[in-house]
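Working notes, structure below.
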Amino acid sequence: MSNSGIAVSFKNVRKEYKDVKALQGVSFDVEQGAFFGLLGPNGAGKSTLINSMSGLVIPTSGSIEVMGADVQSEFRKTRRALGLVPQELISDPFFSIRELLELQSGYFGLKGSTQTRWIDELLERLALADKAKANANTNQLSGGMKRRVLIAMALVHRPQVIVLDEPTAGVDVDLRRTLWEFTKELHKQGHTIILTTHYLEEAEALCDRVAIIQKGQLKALDSTEALLSKHPFRYLKVRVEKHSPELPEALTSRLVDQDAGGLTFKVEKETSMSQMLGWLHASGLQVADISSRDATLEEVFLDLTAEGAAA
Ligand code: ADP
């Protein structure tokens with residue numbers, strides 16, 4: 001058990017596969033009780049980092065602590081503190097879903113009526129109850145069903161830290177909503193949640209803290225709020241009644257989108273609104289409406305990772 005308030009601590013984690021430097025010295029902490037988003041483009045090293053937490057991948061150097069215990073030297077402790085929901089279900093076709101959950105409970109030495117009730121609750125909450133006796137053969141389960149089984153298996157020992165690797169990839173809207181409601185409830189109950197997702201809108205809505213990794217390196221680490229507000233750009237949507245044939249360079253260089261709703265400009269926060277209004281006025285546009293907003297997490301992400309890609 002950790003008294004430090006830190007759920008997971010990555011200390012200079014490196015992983016090399018022959019010539020590929022999957023992780024190049026990643027260090028950061030995830031606080032207990034956080035809803036933490038681990039984001040990055042494909043191949044950034046997210047799965048390698050997550051799998052290093054659960055001992056599936058052994059880092060080339062560096063160390064990881066889960067709830068104050070070292071993943072290498074205190075594996076049983078960290079394994080118990082962690083519930084990892086992987087992307088793929090590899091299951092024995094001879095067991096039913098309930099049997100799989102009971103087996104998994106047995107692995108952690110959990111049995112008795114409390115555990116049976118928890119399994120019932122998991123089956124119920126993840127809409128698996130009517131399939132509990134069905135064979136967990138991967139050929140017979142739909143994609144969404146497999147995902148639910150994976151989540152139930154990861155939660156069977158009520159881990160303090162829950163790690164979800166792309167939980168909503170390829171699942172329908174209903175399941176997505178069920179998953180998020182359940183995850184939010186677990187978070188409220190005090191579980192630490194670590195999440196990787198391609199859906200940045202989801203990450204923005206759910207995560208209180210975000211790490212962005214790229215090419216095996218930490219690119220940004222901050223509260224979601226700070227990441228958005230510190231971003232040096234805002235977006236200005238201008239609805240026009242009459243378009244002018246030509247816009248001045250100051251406007252064309254900032255124009256990022258143009259549709260029936262109007263023109264969208266990406267403007268440095270240091271450029272004053274009156275400066276922008278001056279350019280709009282001088283260009284002869286007849287402005288009907290203007291609205292300004294901060295960047296979304298997706299826009300921040302794209303800007304940050306584009307900088308890195310050029311490096
Ligand atoms: P992400 O999850 O962010 O998409 P990964 O952690 O899967 O990224 O991969 C990071 C890098 O490590 C990629 O270049 C990938 O090709 C490489 N990699 C991952 N696993 C292996 C492996 N088992 N053998 C060789 N290279 C690997």
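For ligands, and for the atoms within them, numbers begin at 1 and follow the listed sequence. Here the structure is a predicted model, which is why all the values come from computation and not from measurement.
A side-chain donor-acceptor contact under 3.5 Å links Gln115 and Ser105. Judged purely by distance below 3.5 Å, without hydrogens or angles, the side chains of Asp303 and His231 pair a donor atom with an acceptor atom.
Of the protein's non-hydrogen atoms, Ala22 CB, 3.3 Å is the one closest to atom 12 (O) of ligand 1. Given atom 10 (C) of ligand 1, the protein heavy atom at minimum distance is Gly43 O, 3.4 Å. With respect to atom 23 (N) of ligand 1, the closest heavy atom belonging to the protein is Tyr17 CE2, 3.5 Å.
Side chain of Thr60 to backbone of Glu16: a donor-acceptor contact under 3.5 angstrom is found.
Salt bridge Glu299/Lys266: absent, no basic N to carboxylate O contact under 4.0 Å. Using a 4.0 Å cut-off between charged side-chain N and carboxylate O, Glu102 and Arg98 make a salt bridge. Ion pair Asp259/Lys237 flagged as a salt bridge, since at least one NZ, NE, NH1 or NH2 atom sits closer than 4.0 Å to an Asp/Glu carboxylate oxygen. Ionic pairing of Arg125 and Glu181 is not present here: no N-O contact between side-chain nitrogen and carboxylate oxygen is shorter than 4.0 angstrom.
Near Asn42, meaning under 4.0 Å from any of its heavy atoms, are these atoms of ligand 1: 4 (O). The atoms of ligand 1 that sit less than 4.0 Å from any heavy atom of Val20 are 12 (O), 14 (O), 17 (C). Residue Pro41 has at least one heavy-atom neighbour below 4.0 Å for each of these atoms of ligand 1: 3 (O). Distances below 4.0 Å separate heavy atoms of Ala44 from the following atoms of ligand 1: 1 (P), 3 (O), 8 (O). Under a 4.0 Å criterion applied to the non-hydrogen atoms of Ser47, ligand 1 contributes the atoms 1 (P), 2 (O), 6 (O), 7 (O).
Within the 4.0 Å cut-off (strictly below), no protein heavy atom is located near atom 16 (O) of ligand 1.
Within the structure, the closest approach of Gly45 to ligand 1 falls below 4.0 Å when heavy atoms are considered.
The parts of Thr48 lying near ligand 1 are both backbone and side chain, judged by heavy-atom distances below 4.0 Å.
Outside the 6.0 Å centre-distance limit, the rings of Phe233 and Phe265 are not counted as a close aromatic pair.
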